[in-house]
**Student:** 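Next up is a structure, given as structure tokens.
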Amino acid sequence: MPGGGERKNRVCSLFSFDLMREGYCVVYLTEYEQEMLDGKYGSASKMALQVQVAVGECFGAKRLLEASRVHVASSNQEADVWFAEKLLKLGGRCRITPTVNPGFNLSYLSRYLSISREDAGLMERARRAYRDLGALLTLSCTPYLEANVPRFGEILSYSETSVTIYVNSVIGARTNREAVQSSLCAAITGRVPEYGFLLNENRRGTVLVQVDADLRSDFDYQLLGCCTQKIGPGVPVFVGLPANPSQEALINLGTQLNTTASYAMFHIPGVTPEAPDLKAAFAGREPERVVTVTDDDLHEIHQIISQPPQKIDFAMFGCPHFTIRQVQEVASLVRGKKLAAEMWVLTSSLNRELARRTGMLQDIEQAGGRLVEDTCIDQPCWSHLKGKVGVTDSPKCAYYAKMRGMDFVVRDLASCVQAAVKGEVS
Amino acid sequence: MKGRESTFNCHMIAEGRAGGEALVSQDEILFYLVDPQSGIVIEKGHSLEGKSIAGKILVFPAGKGSSSVQVDGLYQLLRRGNAPRGMIIERPDTILVTSAIIMEIPLVDRVDPAFYELVKDGDRLELDAGQGRLTWRN
């Protein structure tokens with residue numbers, strides 16, 4: 001079986017100079033991997049493995065591991081399309097079928113929005129390239145809920161801010177914060193360099209975060225996740241949280257930690273699988289730092305990330321894609337009402353189908369809202385919202401959409417829906 | 001004092017050779033916040049704000065930002081001939097390493113600390129990533 005053989009002490013010969021100089025890491029390759037690097041399995045595999053060996057060499061990887069799952073945060077930006085097409089032209093074909101991020105749903109949104117020919121063309125090229133490389137076009141940024149759910153301890157190559165931290169922390173699978181392109185390379189080669197969060201020693205907690213605040217809703221976990229200046233770098237271990245935080249609360253916490261700064265992992269003793277208790281969370285060591293987050297901190301960060309209360313033009317939800325429970329909450333809040341502002345709820349195609357079957361889609365549409373699949377907030381399809389003010393429950397949405405000229409009042413979900421009904425945040 | 005020359009060891013991340021003027025950034029760089037038409041850094045409050053990175057040997061502490069925007073930012077510069085010719089970094093990350101390799105921009109790290117004492121904007125640098133060698137002239 002490819003790659004299953006004994007590891008030989010072959011020096012990777014990525015480039016023609018001597019990697020053996022003192023102090024420099026050498027990635028040892030199996031015979032199969034060396035053959036791949038030598039081009040025996042085609043130019044795309046060769047190039048993809050070159051990238052991965054160089055990344056591994058840079059971060060001190062001693063070997064490659066077989067990955068079992070890949071998620072690629074494809075963006076249909078030009079660089080993304082360029083690299084996917086480059087691999088395709090070299091004959092690339094994924095050894096591991098990756099799931100991919102949303103772009104925008106061209107056929108559905110063209111009915112309501114004006115989309116430039118250039119943007120539509122790029123979207124279609126991206127879809128075609130990824131499909132031809134062998135990706136499964138799930139077009140969702142929550143692969144850990146459906147379609148690509150890893151088990152504890154599984155070795156992955158995942159990209160996408162909200163995904164990497166969730167699968168590491170909440171599931172206990174293992175991935176680094178991959179780039180779009182490095183995870184695509186992993187899909188092509190089936191390998192991933194062993195460094196960083198694939199190794200036990202880097203997964204233990206380093207910062208004790210005492211939460212001395214009253215977390216009453218899933219939204220409060222968004223605010224906690226934004227307190228990264230106070231928490232500082234490392235792997236935070238949160239204590240003082242309510243028992244049994246919801247799946248949505250854990251998604252929110254991780255998403256904001258990895259958006260406002262670069263965190264690959266957190267622990268909550270008694271909740272996340274690698275932290276049965278506090279001692280295990282720190283692997284028996286002392287925390288490097290102890291910080292306390294209070295209600296005042298949450299209040300303060302909320303003021304910073306949100307525009308003040310005002311009239312709003314639209315509501316935007318689903319960054320990351322809404323779970324079916326969140327879709328259900330929106331549907332029940334708008335049932336029988338008429339929205340004063342545009343409302344866009346982004347979710348996976350599987351959730352949208354379930355919402356259709358169960359009547360939630362109809363509730364949302366009759367109120368004047370739209371439930372959209374395959375679509376991300378950070379896409380050119382939203383150009384009509386440039387210069388407008390919206391409301392969202394996601395600080396990540398507010399942060400990224402700023403680059404597209406949108407401003408947001410950030411509130412909990414129920415308040416956001418209420419604002420969409422009234423046309424203002426009071 | 002002009003006319004001095006020194007050679008330093010460094011560690012190759014992305015292969016290749018490049019020569020050009022040094023441009024030294026105190027801050028981390030997000031290539032998305034560089035104008036692709038001119039190569040000028042547009043990020044507010046950045047130590048390179050208003051300066052062009054086009055054709056320079058860019059000396060900076062680290063990259064930042066999500067992979068889509070960072071990679072696309074560098075790609076847009078490259079496509080218009082406004083990318084840096086070479087990059088010298090202190091703290092590499094997966095995203096920047098991957099970008100430099102696929103876009104074939106020489107990238108090194110682990111340069112002798114003495115280099116950072118010397119280097120100033122406008123100094124002449126010759127980077128040979130494959131040989132792990134960086135030559136400085138003022």
Side-chain angles (χ1 to χ4, degrees), chain A residues 14-19 21 23-25 47-48 50-59 72-83 86-87 101 103 157 159-162 164 175-185 193 195-196 258-259 261-262 264 376 378-379 396 399-400 403, chain B residues 9-17 28 30-34 36 42-44 62-80 83 87 89-112 128-133:
Chain A
L14 174 51
F15 304 113
S16 58
F17 79 108
D18 180 16
L19 279 166
R21 284 168 304 165
Y24 287 73
C25 150
M47 185 170 85
Q50 279 182 339
V51 170
Q52 291 188 290
V53 169
V55 169
E57 198 266 331
C58 179
F59 294 105
V72 182
S74 51
S75 65
N76 57 278
Q77 283 177 310
E78 277 180 66
D80 179 24
V81 179
W82 164 74
F83 187 62
K86 186 169 173 169
L87 286 171
N101 255 21
S157 177
S159 46
E160 163 60 32
T161 38
S162 67
T164 48
T175 183
N176 282 306
R177 299 173 69 253
E178 298 281 358
V180 173
Q181 287 73 19
S182 59
S183 58
L184 184 54
C185 289
Y195 70 95
N258 204 16
T259 297
S262 304
C376 168
D378 191 18
Q379 286 286 326
K396 181 182 178 184
Y399 179 73
Y400 277 109
M403 292 184 196
Chain B
N9 291 323
C10 56
H11 166 248
M12 180 200 78
I13 297 172
E15 69 174 339
R17 298 162 71 142
E28 298 177 353
L30 175 59
F31 290 104
Y32 196 55
L33 295 177
V34 179
I42 53 173
E43 183 174 349
K44 292 268 172 286
K64 63 178 178 180
S66 87
S67 80
S68 327
V69 294
Q70 179 70 311
V71 179
D72 201 63
L74 191 56
Y75 177 76
Q76 297 296 344
L77 287 160
L78 186 71
R79 220 165 57 95
R80 293 170 178 82
M87 301 190 285
I89 194 172
E90 288 170 65
R91 298 188 307 276
D93 64 88
T94 311
I95 295 165
L96 196 76
V97 170
T98 308
S99 305
I101 295 167
I102 66 177
M103 294 179 207
E104 298 172 17
I105 301 172
L107 171 67
V108 299
D109 68 345
R110 302 181 215 164
V111 186
D112 295 343
D128 187 337
Q131 294 300 316
R133 198 163 52 229

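When reading the values below, keep in mind they use all heavy atoms of this one structure, side chains included, and skip hydrogens, waters and symmetry mates. Every chain is numbered from 1, with letters handed out A, B, ... down the list of sequences.
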**Student:** Check whether A:Ser182 gets within reach of chain B through its side chain, its backbone, both or neither, counting any heavy atom under 4.5 Å.
**Tutor:**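 When you check distances to chain B, atoms from both the backbone and side chain of A:Ser182 fall under 4.5 Å.
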**Student:** Please tell me whether B:Asn9 and B:Arg133 have a donor and an acceptor in their side chains that are separated by less than 3.5 angstrom.
**Tutor:** no
**Student:** With no hydrogens and no angle check, is any side-chain donor or acceptor of A:Asn101 less than 3.5 Å from a backbone partner on A:Ser75?
**Tutor:** no
**Student:** What part of B:Gln70 is in contact with chain A, defined as an atom under 4.5 angstrom from a non-hydrogen atom: side chain, backbone, both or neither?
**Tutor:**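 Neither part.
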**Student:** In terms of heavy-atom pairs under 4.5 Å with chain A, which of B:Ile102, B:Asp109, B:Ile95, B:Val97 leads?
**Tutor:**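 Highest number of heavy-atom pairs under 4.5 Å: B:Ile102.
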**Student:** Do you know which two heavy atoms are closest between A:Pro193 and A:Gly56, and how far apart they sit?
**Tutor:** CB-CA, 3.6 Å
**Student:** Any side-chain donor paired with an acceptor under 3.5 Å for A:Ser162 and A:Glu160?
**Tutor:** yes
